[in-house]
Number of protein chains: 2
Amino acid sequence: MASEQSENYLKNIYKLSSGEGKVTTSSLSDKLQISPASVSEMIKKLAEEGTLTHTPYKGVELTEEGKKLALRIIRKHRLWEMFLVEVLHFRWDEIDDEAERFEHIMSDKMEEKIDHALGHPLTDPHGDPIPTKDGELKCPMSHPMSDVRAGSTVRVVRVSDSNSEMLQYVASIGIALNKEIHVKQKMSFDNSMLVKIDNNEVNISSTIASNIFVENV
Amino acid sequence: MASEQSENYLKNIYKLSSGEGKVTTSSLSDKLQISPASVSEMIKKLAEEGTLTHTPYKGVELTEEGKKLALRIIRKHRLWEMFLVEVLHFRWDEIDDEAERFEHIMSDKMEEKIDHALGHPLTDPHGDPIPTKDGELKCPMSHPMSDVRAGSTVRVVRVSDSNSEMLQYVASIGIALNKEIHVKQKMSFDNSMLVKIDNNEVNISSTIASNIFVENV
DNA sequence: AGTTAAATTTAGGTATACCTAAATTTATTT
DNA sequence: AAATAAATTTAGGTATACCTAAATTTAACT
């Protein structure tokens, strides 16, 4: 069995890869808040274990086995989040940290019991799909628009409803479900994005971008 | 905050000390299945941290702070066990290992939520008392079944959770919380007991009898 | 194309928590 | 009281996973 930290790397590589394809050392370093040097080391170890392939100086890609493991962790994370909200009545904004720690120590038996107690839910409280036990993902997984690379075109599948003022603004600039968005440029200074919606160019702040969930098109 | 392993040491020192007073390196080594050398090292570290006092070659004793921490872990362990049985319908011989891992990552908020969801229970599924948040512990009036005289009828209030194999066996012969047991005979040669449970006659070894806690009925 | 900047990797070092083997202290036996 | 046995501690070493600083590779800019 992979170590707790290995699992964490796999999970986050999977998440980044759905927005980026190949995942770089620095994007992982950013996401995990671990120095690039340490990430580089760990990548070497994971490559030896066969959960990912590494092209030095280029990036990493999960193997089939690595993807299975990542989806299994994501399944545990999302089932546990669902459980926290439905059964223990945690608020939405409280659950992520709790699930973060638990996903790695959750036994397979516990996974089953929780899945059963919740009636085999298909999505977590954020609306993200819960992978199956075999590591399959029925509906495509969305990712925050903030993870999308410049040059890509994506389709909106979900807008986080944490803030109604933001929802209204987002609608006013033409963003709606199934709307296609082309990312022209990512500003390095504040991570805002220049995007094209219905032939209009708009600048979107990183805060907003991280609340708009898209799939590749 | 103490590390996960520190917590484990404190918890087990507490458990041993209630039966032994001072706890030795070798008894801890036995209980934790960690070499005496490693235990000795860890003890030195815990003594420096102030959670226990160590008289070299003699043994250790928890400080007030150490006892508080230990009882806090035990509280989390027992609350989680209760939750596993009451809410997720685990069998009571399955829960100990699950709780073992979780007790160390359970946040204070989670502790509160679970305590509330269970209606502030006073004992865990084995009948062991759950310490309060301030680290107080009230033992129920009970005695080991090995002390019961032939001819008495008693009620099970607690089964010591020291050994999961024994727990499973005990469950298999029909012994459960609040179950009534009639002691028919005590064998003088090996101190085993002939008892009646649900109209079945069973022989119980002295080892098992000393791990089943009962009250008179 | 050549230089500079950015990203990545390697080198050397830290902390935790474990191990075996050897040394030391304490307890037991003759 | 001396010798031996048992318990405990110290010494030296391992694995994981992190770090900073230096070296290397790739990308970007005149």
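Naming: A, B, ... by sequence-line order, numbering from 1 per chain.
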#### Entry: Whole-Å distance separating the CG atom of B:Asp30 from the P atom of D:dA6
15 Å
### Query
Between D:dC18, D:dA17, C:dA17, which nucleotide has the shortest distance from any of its atoms to the side chain of B:Ser3?
C:dA17
### Query
Within the structure, does a side-chain N or O atom of B:Thr25 lie under 4.0 Å from either OP1 or OP2 of D:dT9?
yes
### Task
Please state how far atom CD1 in A:Ile34 lies from atom P in D:dT16, giving the value in whole angstrom units.
16 Å
### Query
Between atom CD in B:Gln33 and atom P in C:dC18, what is the gap in whole Å?
13 Å
### Query
Could one point to a donor on the side chain of A:Glu41 or the base of D:dC18 with an acceptor on the other under 3.5 Å away?
yes
### Message
Output the rounded distance in Å from CG (B:Leu46) to C1' (C:dA17).
### Response
12 Å
### Message
What is the separation between atom CD on B:Glu48 and atom C1' on C:dA15, rounded to the nearest whole Å?
### Response
14 Å
### Query
Will you find, in the side chains of A:Glu4 and A:His104, an N or O donor that is under 3.5 Å from an N or O acceptor?
no
### Query
Could you write nucleotides 20-26 of chain D as a row of B, S and -, 5' to 3', where a protein heavy atom under 4.0 Å of any base atom gives B, of only sugar-phosphate atoms gives S, and otherwise -?
BB--BSS
### B:Lys11/B:Glu103 ion pair, N-O < 4.0 Å
yes
### Query
Which one, C:dT9, C:dC18, D:dA17, comes nearest to the side chain of B:Gln5?
C:dC18
### Query
In whole angstrom, what separates A:Lys44's NZ from D:dA17's C1'?
14 Å
### Separation of atom CE in B:Met42 from atom C1' in C:dA15, rounded to whole Å
12 Å
## Note on the structure
Between CD of B:Glu7 and P of C:dA17 the distance, given in whole Å, is 11 Å
### Under 4.0 angstrom between B:Tyr9 side-chain N/O and C:dC18 OP1 or OP2
yes
### Message
Looking at every non-hydrogen atom in both residues, tell me the closest pair between A:Met110 and B:Trp80 and how far apart they are.
### Response
CE-CZ2, 3.9 Å
### Task
Not counting sequence neighbours, which residues clear salt bridge (charged side-chain N to carboxylate O under 4.0 Å, His left out) with A:Glu48? List them please.
none
### Message
What I want to find out is whether B:Lys133 reaches B:Glu112 closely enough, with some N-O distance under 4.0 Å, to be called a salt bridge.
### Response
yes
#### Entry: Check: A:Glu180/A:Thr153 side-chain N/O donor and acceptor closer than 3.5 Å
no
### Message
Between the side chains of B:Glu64 and B:Lys67, is the shortest nitrogen-to-carboxylate-oxygen separation below 4.0 Å, so that they form an ion pair?
### Response
yes
